Amino acid sequence: MGQIIDGKLQAQKYKERIIQFINDRIKNGLRVPCMVSLMVGNDGGSKFYLDNQRKVCEKLGIKFESITMNEETTESEIVEVITKLNVDNNVDGIMLQLPLPKHINEKNVTSSINSEKDIDSLTYENTGKFYRGEKAFVPCTPKGIIELIKSTGINISGKNAVVIGRSNIVGKPVFQLLLNENATVTVCHSKTENLEEVCASADILVSAIGKPHFVNKNFVKKGAIVIDVGTTVVDGKLKGDVDFNDVIDKAAFVTPVPGGVGSMTTTMLALNVCEALK
Ligand code: NAP
């Protein structure tokens, strides 16, 4: 039987480091990190994520402020708020909740964030640096995924990794991070032929498609690490892309949903705020 990768337990290790960093700053008379989360409109997922950011930041001792703007807000009003935060020396990190309302051009708004405060790596500058292998903020969910894979103790270098999903926020950055760790990486998507067969060759399988229980044991190589990024609400319950009970006997390690990747994301964001202050 495979082992469960406990996202909450792994996140706790990073939380302890963050608390230590903040306590040291307080001891030295320095200010604590400050993050501002900006939400436009009423997206339920964004609200849930924002509340979670507040809880985690408060527990860790990070100063947290939220700004909520209504659905009808114009692009220039959002940019104006971001511009003020950009020059506020007491703000270290700006987190813009996505999606934005449909009438707003997401690219224009994300581009207005000061790249040194861009803790979820949304700006072109951070994205460019990230894919060129230069020092940049690493997007939080992908950062957490790599840490979970590393937590198994298995060396990523040289392994066959398959990522299902090619979005800018998960699939592509996970591909890049696995490549940085010297894995041989294949990225699959909705047009991939023989998907099951490709996945079954993976030592490390990451699924980020948003299709509940799509990945069963036929997709999994014996002894593989399986990372489930998917989160879909079905009948009020959060479901992953992976049929956990079906794959657990075949895989060596599997992340549960909930309690896996999602548990790491906000902690990685908190880590990035501390990096921004440093
Ligand atoms: P997305 O932008 O909708 O992208 C989904 C990707 O999956 C696309 O590349 C799509 O292919 C591919 N895909 C869809 N159906 C497929 C199929 N049947 N076979 C193969 N590939 C298929 O989604 P996302 O933003 O990356 O998010 C993916 C999932 O992760 C969602 O459930 C989301 O809620 C979850 N998520 C969780 C966290 C967390 O912290 N836990 C964070 C972010 C996202 P095409 O490109 O060909 O369309």
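The first residue of the sequence shown is numbered 1, and numbering continues consecutively from there. Read the numbers this way: they start at 1 and go in the same order the structure lists the ligands and their atoms. Since we're looking at a predicted model, the values are computed, not measured.
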Nearest to atom 21 (N) of ligand 1, what protein heavy atom do you find, and at what distance? H189 C, 3.1 Å
Could a heavy atom of G230 be found less than 4.0 Å from some atom of ligand 1? yes
Near G262, which atoms of ligand 1 are under 4.0 Å from a heavy atom of that residue? 40 (O), 41 (N)
If every non-hydrogen atom of C188 is compared with every non-hydrogen atom of L195, which pair is closest and at what distance? CB-CD1, 3.5 Å
List the closest protein heavy-atom neighbour of atom 33 (C) of ligand 1: residue, atom name, distance to the nearest 0.1 Å. T231 OG1, 3.7 Å
With heavy atoms of V170 as the reference, note each atom of ligand 1 found under 4.0 Å away. 26 (O), 43 (C), 44 (C)
Which segment of I209 sits under 4.0 Å of ligand 1 when only heavy atoms are counted: both
Strictly under 4.0 Å, does any heavy atom of T141 approach an atom of ligand 1? yes
Counting only heavy atoms not in E197, do more than 12 sit closer than 6.0 Å to its CD atom? no
Check whether NZ of the Lys or CZ of the Arg K239 lies under 6.0 Å from the centre of the six-membered ring of F214 and within 45 degrees of that ring's axis. no
Near I169, which atoms of ligand 1 are under 4.0 Å from a heavy atom of that residue? 25 (O)
Please report which non-hydrogen protein atom sits nearest to atom 40 (O) of ligand 1, along with the residue it belongs to and the distance in Å to one decimal place. T265 OG1, 2.8 Å
Nearest non-hydrogen protein atom, atom 17 (C) of ligand 1: F214 CZ, 4.1 Å
Can you confirm whether N28 is buried at CG, in the sense that more than 12 heavy atoms of other residues, nucleotides or ligands lie under 6.0 Å from that atom? yes
Backbone or side chain, does any N or O of S167 fall under 3.5 Å from an N or O of ligand 1? yes
Please compare K191, R166, K239, K172 and report which has the shortest non-hydrogen distance to atom 9 (O) of ligand 1. R166
Under 4.0 Å to a heavy atom of K211 - the qualifying atoms of ligand 1, by number: 14 (C), 15 (N)
Is there a donor-acceptor pair closer than 3.5 Å between any side-chain N or O of D120 and the backbone N or O of L269? no
Do K63 and N90 have side-chain atoms, one donor and one acceptor, less than 3.5 Å apart? no
Looking only at heavy atoms, which two atoms of V32 and L277 are closest? And how far apart? C-CD2, 4.2 Å
Who's the nearest protein heavy-atom neighbour of atom 48 (O) of ligand 1, and how far? S190 OG, 3.6 Å
Counting heavy atoms only, which of D228, V174, V229 is nearest atom 35 (C) of ligand 1? V229
Would you check if the side chain of N86 reaches a backbone N or O of S112 as a donor-acceptor pair within less than 3.5 Å? yes
Ranked by distance from atom 29 (C) of ligand 1, the top protein heavy atom is G210 N, 3.7 Å
Which of the ligand 1 atoms, numbered from 1, are nearer than 4.0 Å to a heavy atom of G165: 6 (C), 7 (O), 9 (O)
Distance filter under 4.0 Å to I164 heavy atoms, resulting ligand 1 atoms: 20 (C), 21 (N)
Donor-acceptor pair, side chain of R166 and main chain of G171, under 3.5 angstrom: no
Donor-acceptor pair between Q176 and E181 side chains, under 3.5 angstrom: no
Under 4.0 Å from one or more heavy atoms of L195, ligand 1 contributes atoms 19 (N), 20 (C)
What I want to check is whether the side chains of N160 and T184 have a donor and an acceptor closer together than 3.5 Å. no
Check: K143 side chain, T265 main-chain N or O, donor-acceptor pair, under 3.5 Å: no
Backbone of D228 reached by a side-chain donor or acceptor of S207 within 3.5 Å: no
Mark the output for A208 as yes if a heavy-atom distance to ligand 1 is under 4.0 Å, and as no if none is. yes
Short N/O distance, under 3.5 Å, between T232 and ligand 1? no
